[in-house]
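Structure first, commentary second.
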Amino acid sequence: NVFRFSSPPQRVRDLACGREPGVARLPSPARRGRARRAMSNAPTPRKHHTEKEEEEIVMSTLRRLLTAIDHGDYDTYCELNDAALTAFEPEAHGALVEGLTFHKLYLSCAARDSRSPTFCAQSTIASPRFQLLGENHALVAYTRLSQRVGADGVPHENATNETRVFGREGANGEWICLHFHRSPVS
């Protein structure tokens, strides 16, 4: 038997950090940086790093992103993700998620829990595989081990396989997440 889709996969679109995805969708990070430098008329050269240094910078950004997720820090989440972030994740049931608002509910619940005196959460990046994709993009594949003690004091553990694509933003070339795919470890 061959499984056939009766309709194309759904796409989830909504507002991201107060910006509509269609409006917030920016050119590639490299073009954005060039456009900002051209507008300022003050070229800001970006320091070139070795591949190992770039890996350390991207992995540090990833750790900050996972900490923001663990603690429900939506402002930092918005800072470290592109407004037009795309994602495939279990909560979307096969639909492509576009923008950041889909995640706001989950982050607000984590933020509420994090105010409890018994709350504690952390993510561990296990078996990371880093790959630089040209000068302005990078890919990180890893297993994320999540540990959380909720407001009720009950511990929860979870493992997911994640792949994240990062790109550069701005004249200084800060790394932000452009896309991720997350699936449970079976």
Answer whether the closest heavy-atom distance between the side chains of [X] and [Y] falls below 4.5 Å.
| X | Y | result |
| --- | --- | --- |
| E98 | L85 | no |
| F166 | L178 | no |
| R164 | L65 | yes |
| R129 | V140 | no |

Under 3.5 Å side-chain donor-acceptor pair for [X] and [Y]:
| X | Y | answer |
| --- | --- | --- |
| N161 | T143 | yes |
| R144 | S123 | yes |
| E169 | W175 | no |
| T163 | H181 | no |
| H103 | E91 | no |

Query raised in the report: For Q122, which residues count as a side chain to side chain contact (heavy atoms under 4.5 Å, CB included) partner, sequence neighbours excluded?
Result: T124, Q147

Report task. Any chance you could measure I69, atom CD1, to Y74, atom OH, to the nearest 0.5 Å? Result -> 12.0 Å

Query raised in the report: Are the side chain of S60 and the backbone N or O of E56 linked by a donor-acceptor pair below 3.5 Å?
Result: no

